[in-house]
4 protein chains.
Amino acid sequence: MRSTAVAPDAAEAAQGARTGARRRQLLTAAARLMAEHGSPNVSMQAVADEAGVSVGLIYRYFGGKQDLLQAVIVSVLESFAARVTEAIGDEPDPVRRIAAAFAGYCDVIADEREAALLAYRESKSLDPAGRHALMELEIQTAQPLVAAVTDAVDAGLIRAVNVPVFAYQLLMTAHSWALKHWYFGTRIAHADFVADHTALALSAVLRPETRDRYADLLGSLA
Amino acid sequence: MRSTAVAPDAAEAAQGARTGARRRQLLTAAARLMAEHGSPNVSMQAVADEAGVSVGLIYRYFGGKQDLLQAVIVSVLESFAARVTEAIGDEPDPVRRIAAAFAGYCDVIADEREAALLAYRESKSLDPAGRHALMELEIQTAQPLVAAVTDAVDAGLIRAVNVPVFAYQLLMTAHSWALKHWYFGTRIAHADFVADHTALALSAVLRPETRDRYADLLGSLA
Amino acid sequence: MRSTAVAPDAAEAAQGARTGARRRQLLTAAARLMAEHGSPNVSMQAVADEAGVSVGLIYRYFGGKQDLLQAVIVSVLESFAARVTEAIGDEPDPVRRIAAAFAGYCDVIADEREAALLAYRESKSLDPAGRHALMELEIQTAQPLVAAVTDAVDAGLIRAVNVPVFAYQLLMTAHSWALKHWYFGTRIAHADFVADHTALALSAVLRPETRDRYADLLGSLA
Amino acid sequence: MRSTAVAPDAAEAAQGARTGARRRQLLTAAARLMAEHGSPNVSMQAVADEAGVSVGLIYRYFGGKQDLLQAVIVSVLESFAARVTEAIGDEPDPVRRIAAAFAGYCDVIADEREAALLAYRESKSLDPAGRHALMELEIQTAQPLVAAVTDAVDAGLIRAVNVPVFAYQLLMTAHSWALKHWYFGTRIAHADFVADHTALALSAVLRPETRDRYADLLGSLA
DNA sequence: CATGAATGAGTGTTCATTCAT
DNA sequence: GATGAATGAACACTCATTCAT
């Protein structure tokens, strides 16, 4: 180290920032390519080229290709979780919070359809530890929705459904826009897709006495 | 050779049978390995070993690895379609036919969980023609369900839902048992999973005046 | 053997004839393909297909691919030798016999240009014995020419040239039509090529006192 | 690194030099093996072993086996052209320049007999573009000879022969030392081969009035 | 920190050859 | 004689990974 004029901790912080930037740069490049072509069809050289760096550099920031793949998926899921949390905001009504969370999931996935498929496609080639980390992350991402459903049940607004089953149903529905985009893409607008599924899901669980209160969410099923 | 008087077409049939048997043998081996490890992680040598034949032989029956992969997926989907059709039987009531078809899908997928994931994971690496063939097949497989929903709407038994959206919702739900088995597997029995989702789906669309007739399908949501 | 009514030796002769026919059939097919694509690019399967038989059958008539290749080259060279001998006829004048032999070589090679290149291209992949056999054959094929030159020298019609050098010069010239066809093919008609080279060669060696006698062969160099 | 002040272009030049050295190293190894065994009988692994590097490295410098083969042939022909040009020197007399060029060709080919055969044997397996490049190169290589013959005709020193036919005759004669070395090698010394053919060729075309001037080139045919 | 040349194990694929029928 | 299914060694080529600079 030639320059000793910088305080160690400041240097570390600066380095940490630079390190974080590099990681993000590499993750973005890798995510773009892997989402488009599938991780096995993306060479480390291609990632390096996309990021505008040399191959060797990737190994300073990631342990290897598998590690990079896992980091990519984690970063994708984390960004999903963040966007969903933001989408819900501070809606106090549990039922409307369910609808908001569902819409949030749907929008995020519609925005990053290819990225959303990554986890489905590639988790098989992750090691058990990586797979477990992913599951934890996904459960966390689902948490806002699970909490909203629990609240709605506790508040007597909806029937006493099996909470995880119902919540994951909504999650899978959001995912299905990506998974079956070849089917839905040409048959229904995304906004209608979200509205229809919101109506279907709520129609299934709303107590008769609360249906009127959410008529706007039930649409034609009101 | 039992007899030299055998008619040529019988001989051809015998050869055809042998050829068909080999194909099936190879497809089975490939399906097992690819379902377990993912096609990119399965070498042709591994498939040959699993099938107990030499590598070269695979190329007599399939054009290459991609062709083999596609044949595996097609054969899986075809067997799914056949089993679903059989599961429905000749139920005359459209609503009960929906329930039967859904249960059929769920059971098939529960039986062959790993195989069901193949199409999701690997279709990215198929050529456009292959992908298109797969989509056609999946649409065909969904047909019984779509028809049942259409009949139920026409008969005025359920509300006027968007048929493909509702039908694919059920399909995705069936698939979700495989896609999220790490989650559901330890939290709910498959039979309960099917019953809960049947109840949820029907509860969402049954007209108030017909709910009583299908109370057995609605379970706790009746 | 069902039919025992045929005398053994007649049967053998018939069999020999059939065997010969098969060999020729296979050689023709192999020669066509190997001349066009080069022996390494021709599979045994391709030869079998071209000949309309099964792969296995080739191994009843030839020891393997190398043996087949050698047989092909030998058969080509033999047919060349036969055609050259025929072309010379019974010309009594040694000088005109040189010209006739040279023209014969040239014509044969022009007729079967691709076949003529086989020996040049493929002899490297023959075993020493095969290579030696080929050399013997080529020397035999050159014999009429060597004899004619020797006679012309002995008769005092041409200068005392180094016979093999001069004869092989003519042979190589004939071959050069095939070897450099990409060059000559678009620049000179084959008849002119032959005439020009006949004139050049004879002009080099004819004694002054005999030039007039062969003015027709010397053309513009007369 | 002698100095860190080295200008960028110097660094680039150093790298270019290293790259060039590697290419040459690989070309030399490939040329040696392919000339000896024929390109189809030389595996990339064998080339790598011969060059003392790993297989993968070859693909950094050449596009593949075909590209390597073509590069080998091109490099051989280029070195031939260079040596021939050098051999001719600045001989002013057109006839003597013909003799010098011919001798140059002969010597180069005698020196690198095996390499000279490469183009003949392997050009069939080149793609059309590669073949075309080779033809261009060969025409360039022949240029000094063609020019010399043209000059000799224009100067009235030799008869009005068909220039390309006569020039290529000489070229083919030079090549024939390599093509038919199994024949000539044991029958005539290379120096005599060159002298005899020089005499033959000039004897064919020299005008009577100039023969005396070149008696030294005509040898026994004077 | 950053580069990219170098490695070598591993891949999909071909094909000469054999042999049961 | 004739077939063609089956073999398995060999090939060209790729790419994750390392390390000298």
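It should be emphasised that the depicted structure is a prediction, and the values quoted were computed from it without experimental measurement. Naming: A, B, ... by sequence-line order, numbering from 1 per chain.
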Trainee: Whole angstrom is fine here: how far is it from CZ in D/Arg22 over to P in E/dG4?
Mentor: 17 Å
Trainee: I need the residues from residues 32-44 of chain B with at least one non-hydrogen atom less than 4.0 Å from DNA chain F; give them sorted by number, or say none.
Mentor: none
Trainee: Can you pull out the residues from residues 50-69 of chain C that lie within a 4.0 Å heavy-atom distance of DNA chain E?
Mentor: C/Val55, C/Tyr59, C/Gly64, C/Lys65
Trainee: Could you give all pairs that pass the ring-ring contact (aromatic ring centres under 6.0 Å, His included) test and reach residues 114-133 of chain C, with sequence neighbours left out?
Mentor: C/Tyr120-C/His175
Trainee: Side chains of residues 62-75 of chain D: which donor-acceptor pairs under 3.5 Å do they make with residues two or more places apart or in other chains?
Mentor:
from: D/Lys65; atom 1: NZ; to: D/Ser39; atom 2: O; distance (Å): 2.9
from: D/Lys65; atom 1: NZ; to: D/Val42; atom 2: O; distance (Å): 2.7
from: D/Gln66; atom 1: NE2; to: D/Asp127; atom 2: OD2; distance (Å): 3.1
from: D/Asp67; atom 1: OD2; to: D/Gly63; atom 2: N; distance (Å): 2.8
from: D/Ser75; atom 1: OG; to: D/Val72; atom 2: O; distance (Å): 3.1

Trainee: So, using side chain to side chain donor-acceptor pair (under 3.5 Å) as the criterion, who are the partners of B/Arg22 when residues are at least two apart?
Mentor: B/Gln25
Trainee: With C/Glu78, which residues qualify under side chain to side chain donor-acceptor pair (under 3.5 Å), at least two apart?
Mentor: none
Trainee: How large an angle, rounded to 10°, do the end axes of the helix from E/dA2-F/dT21 to E/dT21-F/dA2 enclose when each is built from five base pairs?
Mentor: 0°
Trainee: In whole angstrom, give the distance that lies between atom CZ of C/Arg23 and atom P of F/dA2.
Mentor: 14 Å
Trainee: From CD of A/Gln45 over to C1' of E/dT7, roughly how many Å is that when rounded to an integer?
Mentor: 15 Å
Trainee: Give a yes or no on whether the backbone of B/Glu122 and the side-chain of A/Arg121 come within a donor-acceptor separation of less than 3.5 Å.
Mentor: no
Trainee: Are side-chain heavy atoms of C/Glu114 and D/Lys124 found at a separation under 4.5 Å?
Mentor: yes
Trainee: So, using side chain to side chain contact (heavy atoms under 4.5 Å, CB included) as the criterion, who are the partners of B/Ser54 when residues are at least two apart?
Mentor: B/Leu57
Trainee: Does anything in residues 24-43 of chain D form a salt bridge (Lys or Arg N to Asp or Glu O under 4.0 Å)? List the pairs, not counting sequence neighbours.
Mentor: D/Arg32-D/Glu50
Trainee: Output all residues satisfying side chain to side chain contact (heavy atoms under 4.5 Å, CB included) with D/Asn41, sequence neighbours left out; order by chain, then residue number.
Mentor: C/Ser125, D/His37
Trainee: List for me each residue that meets ring-ring contact (aromatic ring centres under 6.0 Å, His included) alongside A/Tyr59, sequence neighbours excluded, and say none if there are none.
Mentor: none
